Amino acid sequence: MNSVVTFRWGILATGKIAHKFAAGLQTLPDAAMTAVGARSVEKARAFADEFGIGRAWGSYEALVADPEVDIIYVATPHNFHYEHTLLALSHGKHVLCEKPLAVNARQAADMAAMAADKGLMLMEAMWTRYLPVWVQVRQWLASGLIGQVRMLMADFCFHGGIYDPLDRKYNPELAGGALLDIGIYPLYLADMVMGEAPVAVVSTASLGQTGVDEQSAYVFQYKNGALAMLSSSFQTNGPKEAVICGDKGLIRVPLFWRGQSAVVELNGQAPEQHDFPFVSSGLQYQAAAMMEALRSGQREEPWMTPAASVALHQQMDALRQTWGLVYPGE
């Protein structure tokens, strides 16, 4: 007899990232995609038919009120995360919310406070942290394989294609900009690798015609002198890799935000490549970690706590303040 608790998921929104998440969730035997909600019942039904979901709701309110749902995955644009997460929490649902958790730290703190008050789990969907390659990298770092980390270099830069000021990447009404959309990946990587907040920050950004950062760069210094050099851009393609340098060697992760391999190069030794392939979209690993935490009675997933999300949003707020980037309504 199978004694593993199965959690019932509701998917809030039916866009591109929701499709990737649903594809990944299908690989987990202890996850049941029970319901989906969209702004129209037609969109919900089309998504439900694609993934074999039994319940399709024509509004987000109906989805979060569904008594057959345990966890809501929020997959709407950045500027709606606050509203939709609070909506789900107010109906007693645990929430896995797409990154960035919120537009700013004030919103993130409000969301964290409601989750704590209701005894519910709130987790930001920073899926990269749970990929097999990064589980292994954390183990290598903890074991001292490359010694003391002295430097981290990471970029997430891609060419955004034909410019459209209404596109979510550039639209301030949708909390666009490279920082919140893709810069958050190297920022969270630095947080994970360094394990502490920087003591000094230098940054710069190129603001486009809509006022959002189309590319930006950040240098962090830590109390032991270690440095993190990070960047993000919609204007140009970059290597999209992470290189962690220690005094005994380095670890290189190509395409780090969705990495499936790592190269370890210890001082004086030949590089060695280690492969960590994942199935489907890879977004299922974060869901598995969330369910395991809930199954063990926790209300926070240790590698992605609400406090960590609030701290990261405070960091992004400070960067935007330096650049003079303020979103509508802030």
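Each residue takes its place number in the sequence, starting with 1. Computed from a predicted model, the values in this text were never measured in an experiment.
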request  = Heavy atoms only: give me the nearest V149-A226 pair and the separation to one decimal.
outcome  = O-CB, 3.7 Å

request  = Output the distance between atom CG (D167) and atom CZ (F234), rounded to the nearest 0.5 Å.
outcome  = 8.0 Å

query = Got a donor-acceptor contact below 3.5 angstrom from the H159 side chain to the N237 backbone?
reply = no

ask   = So does K169 pair up with D164, basic N to acidic O under 4.0 Å?
value = no

request  = Mark yes when over 12 heavy atoms from residues, nucleotides or ligands other than R45 sit less than 6.0 Å from its CZ; otherwise mark no.
outcome  = no

Proximity of H84 and Y60 rings by center, below 6.0 Å = yes

request  = To the nearest 0.5 angstrom, please state how far the CD atom of E300 sits from the CG atom of L120.
outcome  = 12.5 Å

message = Looking only at side-chain N and O atoms, does S232 offer a donor or acceptor that is under 3.5 Å from a partner on Y218?
response = yes

message = Ignoring hydrogens and geometry beyond distance, is a side-chain donor-acceptor pair present between S309 and E124 at under 3.5 Å?
response = yes

query = To the nearest 0.5 Å, how far apart are CD in E301 and CE in M291?
reply = 12.0 Å

inquiry  = Membership question, hydrophobic clusters at under 4.5 Å side-chain separation (ILVMFWY): are M123 and V5 in the same one?
reply    = yes

ask   = Taking the side chain from T305 and the backbone from P302, do they hold a donor-acceptor pair closer than 3.5 Å?
value = no

request  = Give a yes or no on whether the backbone of A23 and the side-chain of S280 come within a donor-acceptor separation of less than 3.5 Å.
outcome  = yes

ask   = Do the side chains of L187 and L131 join up, straight or via other hydrophobic residues, at under 4.5 Å, putting them in one cluster?
value = yes

query = When you check the side-chain N and O atoms of W323 and S203, is any donor under 3.5 Å from an acceptor?
reply = yes

inquiry  = Determine whether H94 and W9 satisfy the following criterion, ring pair (Phe, Tyr, Trp, His ring centres under 6.0 Å), listing intermediate values before the conclusion.
reply    = CA-CA 10 Å; H94 304 293; W9 288 78; 9.7 Å; no

message = Which heavy atom of V135 sits nearest to which heavy atom of Y130, and what is that distance?
response = CG2-O, 4.0 Å

request  = Can you measure from CD (E173) to CG (N79) and round to the nearest 0.5 angstrom?
outcome  = 8.0 Å

key: Option among I11, V64, V95 that satisfies the side-chain contact (heavy atoms from CB on, under 4.5 Å) test with V74   = V95

ask   = How are the rings of F220 and Y222 set to each other: parallel, tilted or perpendicular (split at 30° and 60°)?
value = perpendicular

task = Any chance you could pull the hydrophobic cluster mates of M229, using side-chain heavy atoms under 4.5 angstrom and chaining through other members?
result = M151, M153, V219, L227, V243, L250

request  = Take F21 and L96, measure what side chain to side chain contact (heavy atoms under 4.5 Å, CB included) needs, and give me the verdict at the end.
outcome  = CA-CA 11 Å; F21 181 77; L96 176 63; 3.7 Å; yes

task = Would you indicate whether the side-chain heavy atoms of L319 and L179 approach each other to under 4.5 Å?
result = yes

Shared hydrophobic cluster, L174 / V212 (ILVMFWY, side-chain heavy atoms < 4.5 Å) = no

inquiry  = Any carboxylate oxygen within less than 4.0 angstrom of a Lys/Arg side-chain nitrogen, looking at D70 and R8?
reply    = yes

query = Is there a donor in the side chain of D275 and an acceptor in the side chain of Q273, or the other way round, less than 3.5 Å apart?
reply = yes

ask   = Taking NZ, NE, NH1 and NH2 as the nitrogens, is one of them in D155 or K240 under 4.0 Å from a carboxylate oxygen of the other?
value = no

query = Do K93 side-chain atoms and D66 backbone N/O form a donor-acceptor pair below 3.5 Å?
reply = yes

query = Is the shortest side-chain N to carboxylate O distance from R295 to E292 below 4.0 Å?
reply = yes

task = May I have all residue pairs that pass side chain to side chain donor-acceptor pair (under 3.5 Å) and include part of residues 97-116, sequence neighbours excluded?
result = Y73-E98, Y82-D110, N104-E330

ask   = Less than 4.5 Å apart, any side-chain heavy atom of V193 and any of L141?
value = yes

Side-chain donor/acceptor of S216 to backbone N/O of A205, under 3.5 Å = no

ask   = Say you draw a straight line from CZ of F80 to CG of L12; how long is it, rounded to the nearest 0.5 Å?
value = 11.0 Å

task = Taking all heavy atoms of C245 and all of I146, pick out the closest pair and write down the distance.
result = C-CD1, 4.3 Å

Sidechain-backbone polar pair: R55 side chain, T34 backbone, donor-acceptor under 3.5 Å = no

query = Under 3.5 Å, side chain of R129 to main-chain N/O of W303, donor-acceptor pair present?
reply = yes

task = Please check if the distance between the ring centroids of W127 and Y188 is under 6.0 Å.
result = no

inquiry  = Looking at R252 and E241, is any side-chain nitrogen of the basic one under 4.0 Å from a carboxylate oxygen of the acidic one?
reply    = yes

ask   = Yes or no on side chain to side chain contact (heavy atoms under 4.5 Å, CB included) for R299 and L122, after CA distance, side-chain angles and deciding distance?
value = CA-CA 8 Å; R299 287 298 176 264; L122 170 63; over 6 Å; no

query = If you take all heavy atoms of C157 and S231, which pair is closest and at what distance?
reply = SG-OG, 3.9 Å

request  = Indicate yes or no for a side-chain donor-acceptor contact from W134 to the backbone of R258 under 3.5 Å, with no hydrogens or angles considered.
outcome  = no

inquiry  = For Q139, is the CD atom crowded, meaning more than 12 foreign heavy atoms sit under 6.0 Å from it?
reply    = yes

request  = First locate atom CG of L283, then atom CG of L25, and finally report the distance between them rounded to the nearest 0.5 Å.
outcome  = 10.0 Å

inquiry  = Looking at S233, is its backbone amide N or carbonyl O close enough to the side chain of Q235 to form a donor-acceptor pair, meaning the two atoms are under 3.5 Å apart?
reply    = no

In one Ile/Leu/Val/Met/Phe/Trp/Tyr side-chain cluster, 4.5 Å: L101, M121 = no

task = Provide the closest heavy-atom pair for V253 versus G259 in the form atom of the first, atom of the second, distance.
result = CG1-CA, 4.3 Å

ask   = Is it the case that Q298 and S296 place a side-chain donor and acceptor less than 3.5 Å from each other?
value = yes

request  = Output yes when a side-chain donor or acceptor of D213 lies under 3.5 Å from a complementary backbone atom of G177, and no otherwise.
outcome  = no

query = In terms of hydrophobic clusters joined by side-chain contacts under 4.5 Å, are L152 and V263 together?
reply = no

key: Distance-minimising heavy-atom pair for H19 and E50   = NE2-OE1, 3.0 Å

